[in-house]
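Only one structure is covered here, and it is reproduced in the block below.
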Amino acid sequence: MKNNKRREGFSSGLAAFFATLGSAVGLGNIWKFPYVVGENGGAAFLLVYFACIILVGLPVMVSEFYIGRKTRKNIMGAVKELTTKKRWRSIGIIGILAAYFIMFFYTGVAGWVYSYVFKILRGDFNGATAQSVQQQFTNTTAGPVAPIVWQIIVLTVVSVILIGGVKKGIERITKTLMPVLFILIIVCDIRALTLPGVKESFSFLFKPDFSHLTSQGILIAMGLAFFKLSLGMGTMVTYGSYFTEEDNMFGTAAKVAISDTIVSLLVGIAVFSAVFSFNMEASSGPGLLFMTIPLVFSKIPFGKFLLIAFFVLASIAATTATISMFEVLIAYYTEQKGASRKKAVILNAIVIAFIGAFSTLSVGETSLLSGVTIFGKGIFDIFDFLSSNILLPVGGLLMALLVGYIAPKEDIKRELSNNGKLKIANIIDFYYFVLRYISPILLVIVFLSSVGVLEKIIKLITG
Ligand code: PHE
């Protein structure tokens, strides 16, 4: 099983790091993080988010790496190899389903981001005002043709890269683009630091006021940590299966979590500096990014250049994250179902474009399918809700249990220490403890709350 010679993998630890970071850094940092932090009151929420990353995110990420590198298989194959008990296969099913559901809406948002690069070049944001950027966002989501076309463009770009394979596709693109992304964010932040609202933005992000923190906020922080670090659907199992035997999986996980958090904070500083400089609402929801960033760069020298830089970096982040979701499906269909890589990519891209179109056409009040609801939620929201709040936490919980209670501890020690080469016995013991006793409990709380059970129980208890 380990000597699966024909199976591709990353060529070095650095390549593995960039690919994994490429998966973590995505629309989650740039689009979701600012508005979720904004809606939940800032710094106090952030502290809880950090705790979730450390107590649940990191242990689950290391577990996914362990599952992947030990078995050298896709999510379904890996689980089947670790245990013969059929019920654990639900991890594979959840992973595959989550990959589809997230891609249905994520490629739509990525399409808006791509389209912004084009619109900025065309001059749509010249002389932008708070009202005009709002109108632009409404027009972007309204459609019906443009958002679908952009979604198909995103899927085409991702497909072309994926057909290139693990080394020539994923590795080459992430290794080139991740450093560019960091440079672009820093350039944008330098501008944001000169805005009048920067002081307020720092105290919003870093001076905790616990009176803003709600119990719901704590649970949202956990969901965000999961989505951010691409956990619970087998992305990190799949990428872990491409790691070299020398890779220090704890080191990679820690570096990815830290870098990902830095990116989120850098984006947060830019977005909130604009919010406070232009008297906007920090809690204005999913359109926040699209309505603030164009204002950050309006009316300054080289503003248009910086604005393009920002949306290019957002496009890069969205693309590398989409690649990692899609790879979960490609690895599954090629290894379990015997499809060729090309066929797996193209057929799946068509299915995702088709169903994704329904999700994309449901956003915004003026869009074609805006009135259509399932269980009281729009199509876009239902895919987001089912994947982020149900499938990812359940998938993550099951993986934590599989590694914490089913996999032999000796084997975990051997694999994580690279056969004893890394002297990290204490770290492994600590990880094992948290994985068995802390992460699962916290995850159960999140899950129960996201389906509303916890609120009902609390209400019952408190009358
Ligand atoms: N981590 C990605 C982001 O923040 C989203 C993602 C979720 C990617 C799950 C892969 C798997 O945008």
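Within the 3.5 Å criterion, the main-chain N or O of I30 finds no donor-acceptor partner in the side chain of S264. One N or O on the side chain of N248 and one on the backbone of F250 form a donor-acceptor pair closer than 3.5 Å.
Using a 4.5 Å heavy-atom threshold, the side chains of V363 and F105 count as separate. For the pair I67 and L82, the minimum side-chain heavy-atom distance is below 4.5 Å. Looking only at side-chain heavy atoms (C-beta outward), W112 and T141 come within less than 4.5 Å of each other. Counting heavy atoms from C-beta outward, P34 and L289 have side chains that stay 4.5 Å or more apart. The side-chain heavy atoms of Y35 and V271, taken from C-beta on, include no pair separated by under 4.5 Å. Here the side chains of L46 and L265 are in contact, with some heavy-atom distance below 4.5 Å. Between W31 and V113, the closest side-chain pair of non-hydrogen atoms is not below 4.5 Å. Counting only heavy atoms from C-beta outward, the side chains of I102 and L391 never approach each other to under 4.5 Å.
T360 and Q151 share a donor-acceptor pair across their side chains, judged by distance under 3.5 Å alone. Side-chain contact check for Y49 and T261: no donor-acceptor pair (N or O, by modelled atom type) lies under 3.5 Å. Side-chain contact annotation: S230 with S23, donor-acceptor N/O pair under 3.5 Å present.
Sorted by first and then second residue, the side-chain hydrogen bond (donor to acceptor under 3.5 Å, both in side chains) pairs with a member in residues 161-173 read S11-E171; sequence neighbours excluded. For the salt bridge (charged side-chain N to carboxylate O under 4.0 Å, His left out) condition, the pairs that include at least one residue of residues 378-389, sequence neighbours left out, are K32-D384. Among pairs with a residue in residues 321-363, those fulfilling ring-ring contact (aromatic ring centres under 6.0 Å, His included) read F354-F358, at least two apart in sequence or across chains.
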Test side-chain contact (heavy atoms from CB on, under 4.5 Å) applied to F182 and V263, step by step: CA-CA 8 Å; F182 263 90; V263 173; 3.6 Å; yes
Test side-chain contact (heavy atoms from CB on, under 4.5 Å) applied to L329 and I96, step by step: CA-CA 6 Å; L329 299 175; I96 308 284; 3.7 Å; yes
Any chance you could lay out the side-chain contact (heavy atoms from CB on, under 4.5 Å) test for F45 and L224, step after step, and finish with the verdict? CA-CA 11 Å; F45 173 84; L224 183 64; 4.2 Å; yes
Decide side-chain contact (heavy atoms from CB on, under 4.5 Å) for I94 and M233; before the verdict, give the C-alpha distance in whole Å, the side-chain angles of both, and the deciding distance to 0.1 Å. CA-CA 7 Å; I94 288 173; M233 74 181 219; over 6 Å; no
Can you give each donor-acceptor pair under 3.5 Å made by side-chain atoms of residues 393-405, sequence neighbours left out, with the distance rounded to 0.1 Å?
residue: Y405; atom: OH; partner: R436; partner atom: O; Å: 2.7

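Salt bridge absent: E335 and K73 never bring a charged side-chain N and a carboxylate O closer than 4.0 Å. D260 has a carboxylate O that lies under 4.0 Å from a charged side-chain N of K228, or vice versa, which qualifies the two as a salt bridge.
Residue L231 comes nearest to G57 through the heavy atom pair CD1-O, 3.4 Å, listed as atom of the first residue, atom of the second, then distance. Nearest heavy atoms, S388 versus F227: OG-CD1, 3.8 Å. Of all heavy-atom pairs spanning A19 and I170, the tightest one is CB-CG2, 4.2 Å. The two residues D247 and R69 make their nearest non-hydrogen contact at O-NH1, 3.2 Å. The two atoms that bring M291 and F137 nearest to each other are CG-CB, 4.2 Å, heavy atoms only. Here the closest heavy-atom approach between residue G234 and residue I75 is recorded as CA-CD1, 3.9 Å.
Here CE of M103 is found 8.0 Å from CG of N348. Values are rounded to the nearest 0.5 Å. The CD1 atom of I382 sits 10.0 Å away from the OG atom of S387 when rounded to the nearest 0.5 Å. Note that OG1 of T238 and CG of N74 are 7.0 Å apart. Values are rounded to the nearest 0.5 Å. Between atom CZ of residue F226 and atom SG of residue C52 there is a gap of 10.0 Å, rounded to the nearest 0.5 Å. The line from CD1 of I412 to NZ of K70 is 10.0 Å long, rounded to the nearest 0.5 Å. Atom OG1 of T334 and atom NZ of K337 lie 12.0 Å apart (nearest 0.5 Å).
The side chain to side chain donor-acceptor pair (under 3.5 Å) test with Y242 singles out one residue from E8, E327, R72, and that residue is E327.
By the neighbour-count criterion of 12 heavy atoms within 6.0 Å, atom NZ of K342 is sparsely surrounded, having that number or fewer from other residues, nucleotides or ligands.
Listed by chain and residue number, Y116 satisfy the ring pair (Phe, Tyr, Trp, His ring centres under 6.0 Å) test with F311 (two or more places apart in sequence, or in another chain). Among residues two or more places apart in sequence or in another chain, the ring pair (Phe, Tyr, Trp, His ring centres under 6.0 Å) test is passed with Y437 by F433.
A tilted orientation is assigned to the rings of W150 and F118, their planes being inclined by 30° to 60°.
Checked against a 6.0 Å centroid threshold, the rings of F383 and Y100 do not count as neighbours.
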